[in-house]
Amino acid sequence: MRHFRLLAALCAAITVFTAAPARAALNVVTTVPDLAALTKAVGGEHVQVQALALSSQDPHFVDAKPNLALALNRADLLISIGLDLEIGWLPTLQVGARNPKIQVGGTGFLNASQFPRILEIPPGKVDRSQGDVHPGGNPHYLYDPRQALAVAKGITDRLVQLDAKNADAYRANLAKFTTELEQARAGWEKRLAGLKGAPVIAYHRTTAYLADWLGFETIAFLEPKPGIPPNPAHVAGVLAQGRQRKARMLLVESYYPDTTAKLVASKIPAPLVTIHGGTDFRAGETYIQHINEMVERMEKALAGQGS
Amino acid sequence: MSTVSRRPHGALIFVTSIVTLLSSSALAQEADAGTPDAGAAPEAPAELSPEELEEIQKALGSDAQEAQQNAPAGTASAPQSSPGGSGLSLPGIGNTSGTNFLDLSFILDVAAAGFSSKEPLQGGAHDPTRNGFNLQQLELSIGSVVDPYFRFDSNIVFSQFGVEIEEAYGTTLALPYNLQVRAGQFLTRFGRINPTHPHAWDFVDQPFAASRIFGGEGNRGLGTELSWLTPLPWYVELIGSLTDASGEATARSFLGSSGDRVLSPLDLQALGAVKQFFPLTDDLSLMWGLSAATGPNPTGYRNRTDIFGTDIYLRYRPITDGGNPTLITFTAEGYYRRRQVPDDVLTDFNTYAQAAWRFDQRWATALRYELGTPARGENGAEVTDPLDPDWTEDRQRISANVTFWPTEFSRLRLQGATDRVGWRESPDYSVFLALELVTGAHGAHAF
């Protein structure tokens with residue numbers, strides 16, 4: 001009898017768990033949490049959103065865990081950053097998901113890199129002697145809220161296409177998000193006006209869009225080439241350059257090791273700014289809050305304080 | 001579930017509830033397709049009446065007929081030009097125009113090796129086997145999506161004196177009910193190490209269990225595989241496959257090189273496996289597999305070999321702690337083999353357990369222990385194994401290594417091992433220095 005109860009409980013649990021995720025009209029899975037936050041902003045209550053990578057995680061190197069394939073199996077829409085950012089792990093998950101909707105070319109697959117203005121597209125032939133370069137251009141476009149807005153518009157269009165019934169809600173959400181983001185952006189630009197033309201050092205080649213937006217100049221990277229960890233000779237060179245050009249700050253993503261960055265920052269000296277790699281979507285953070293936090297840290301650094 | 005009688009049998013309830021679950025989820029799928037929510041999905045929206053659907057079907061039918069009449073007589077001359085492609089364009093990296101029809105990459109594995117023994121017991125086809133320089137393999141891997149329904153993958157291996165089709169198979173992309181079929185020549189999904197290639201290994205050589213049981217190339221063959229991702233809330237995948245049971249290097253516990261003719265489905269190798277995955281936390285995950293394979297062996301009429309295996313893979317990677325490059329994995333696999341031979345049933349046990357620790361973005365170290373017992377007869381006594389007549393005692397091997405990755409595309413590995421071969425007078429020692437280079441399309445890694 002005890003066994004029977006246990007089994008009954010198990011069955012009930014299984015039923016409850018499998019039945020639960022069916023409320024929202026669309027089940028959306030995004031590769032990185034920034035995309036999840038944008039999708040939630042325009043999708044609102046009509047979408048259920050999940051990100052495959054965590055904001056603390058380097059999006060180049062995500063493990064293709066089978067539970068992620070399970071999430072894709074049940075997804076109506078998969079949104080990726082594209083430009084080969086997820087090339088090392090997403091294809092495995094897509095094939096393993098057994099969901100024709102979210103395969104490349106399906107109505108449920110959206111490569112977000114078609115919406116923003118892509119920077120750093122290599123002019124000629126590339127090979128890997130240049131490090132881990134992205135032949136299609138720099139994929140870190142969501143650090144620039146203007147590009148993020150373009151992506152949000154693209155996501156809205158796809159949501160409308162997949163779920164025409166709630167089209168008005170999606171469009172209204174987008175209008176609201178646009179107003180909020182544009183308002184916030186004006187404030188951010190004012191607060192960081194001092195960055196225009198300022199020399200800045202970064203760890204990885206992630207700052208192209210940030211520099212394009214805020215007008216600072218990235219004079220050097222701690223990585224000698226994208227994806228190649230810093231070596232003493234290169235770091236010494238960066239330090240000399242930083243001193244000579246009087247670098248205003250050193251930017252490093254939270255998912256990179258920061259010992260070298262700390263050392264260089266203290267020797268220049270310049271404040272070290274740790275940028276969160278993405279929105280902490282799981283904790284309920286919004287995209288605007290994420291960028292706001294980044295702006296705060298850079299503002300502090302402009303005033304001479306590290307964070 | 002309320003309809004079940006009052007004194008139900010536990011197993012019956014479970015089965016009933018599973019069936020209910022499945023049918024309800026299938027129903028839910030159908031219902032989904034019917035609602036306008038599904039929007040752009042290929043299924044018809046609910047607003048269409050049955051008559052309209054019938055009209056659509058009729059129109060499609062006559063279109064198809066017409067297309068058939070217009071088609072050329074021979075099937076051989078089907079598509080004359082590839083869509084969007086003009087002439088021969090070599091794919092690969094740097095091609096950003098979106099016309100990437102083929103992902104092509106080469107993987108080179110070479111090693112310098114030193115053995116204390118004159119005849120080292122290295123069973124794997126990609127293992128270093130002799131003093132001096134060894135070409136472990138040059139693997140050409142080609143993969144691509146064929147059409148909306150199939151994906152194609154192949155691994156062609158060049159050795160110093162020949163070329164071999166290691167794998168070449170198609171995978172379905174759009175079967176309903178979470179089903180997936182692979183067909184062609186492929187490594188079966190028995191256990192954890194068998195379906196993988198040297199690029200994914202934590203050691204220079206493969207565990208001797210694999211070469212002792214399946215052969216130097218691992219268990220693979222021509223055949224077909226059906227797998228099902230169950231609708232349970234955690235990851236449970238069921239796999240069944242039917243493959244060719246011959247080949248000295250791929251199915252030595254089965255027909256091996258005897259070349260017996262296939263007269264009935266019983267002359268093929270059948271495999272069943274269950275894979276389960278548990279994301280214990282964001283940082284720690286566990287994969288657990290159970291596998292069983294059965295097939296004929298050549299020692300007598302209707303004599304069979306059964307192999308049972310279980311494998312666990314524990315992976316710790318603190319992704320919640322940004323900037324921490326640590327990766328610790330633990331893998332263990334056990335194989336129990338049972339072979340019918342004239343007047344006896346032979347059983348033996350093989351296992352390996354390994355731990356790997358990446359302590360820096362570029363550096364890792366790993367340790368492995370292996371054990372293989374001699375074959376025992378039905379009465380428990382050790383008997384002469386027809387496949388490995390020397391194997392009369394336990395064999396144990398301990399290997400340790402250090403790996404350095406300049407980038408994710410190159411790898412240097414220094415490995416030392418001691419092989420405690422029970423039937424030899426003294427232990428064997430070996431040392432390898434291996435280099436791997438990966439060039440071409442960026443492959444996607446399986447978990």
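Computed from a prediction, not measured in an experiment: that's the story for all the values here. Each chain gets a letter, A, B and so on, in the order its sequence line appears, and its residues count up from 1.
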Residue part contacting chain A, namely of F409(B), when any heavy atom lies under 4.5 Å: side chain
Distance-only donor-acceptor check, side chains S227(B) and R98(A), under 3.5 Å: yes
Approximate separation, where rounding is to 0.5 Å, of S56(A) OG and D321(B) CG: 8.0 Å
Nearest heavy-atom neighbours spanning Q57(A) and I319(B): NE2-CG2, 3.3 Å
Step-by-step side-chain contact (heavy atoms from CB on, under 4.5 Å) determination, L70(A) to L229(B): CA-CA 8 Å; L70(A) 203 61; L229(B) 183 60; 4.0 Å; yes
Side chain / backbone / both / neither for D63(A) at chain B, heavy atoms under 4.5 Å: both
Flag if over 12 foreign heavy atoms under 6.0 Å of CZ, F359(B): yes
Closest approach of R74(A) to T230(B) (non-hydrogen atoms, all atoms of both residues): NH2-O, 3.6 Å
Side-chain donor/acceptor of E408(B) to backbone N/O of G227(A), under 3.5 Å: no
Proximal component of N324(B), with respect to chain A [non-hydrogen, under 4.5 Å]: neither
W288(B) atom CH2, over 12 foreign heavy atoms within 6.0 Å: no
4.5 Å side-chain heavy-atom contact, P148(B) and Q103(A): no
Contact class of V252(A) relative to chain B, heavy atoms under 4.5 angstrom: neither
Side chain / backbone / both / neither for Y235(B) at chain A, heavy atoms under 4.5 Å: both
4.5 Å side-chain heavy-atom contact, R128(A) and T407(B): no
L54(A) portion near chain B, given a 4.5 angstrom heavy-atom threshold: side chain
Distance, nearest 0.5 Å, that separates OG1 of T92(A) from CZ of F447(B): 12.0 Å
Proximal component of T320(B), with respect to chain A [non-hydrogen, under 4.5 Å]: both
Sub-4.5 Å side-chain heavy-atom contact between F61(A) and Q361(B): no
R282(A) versus chain B, the contacting section by heavy-atom distance below 4.5 Å: side chain
T281(B) versus K65(A), closest heavy-atom pair with distance: O-NZ, 4.4 Å
Residue part contacting chain B, namely of D132(A), when any heavy atom lies under 4.5 Å: side chain
Option that, when pairs with chain A are counted at under 4.5 Å, heavy atom only, ranks first among K275(B), M287(B), R315(B): R315(B)
Flag if over 12 foreign heavy atoms under 6.0 Å of CZ, F109(A): yes
Whether over 12 other heavy atoms sit under 6.0 Å from Q130(A) CD: yes
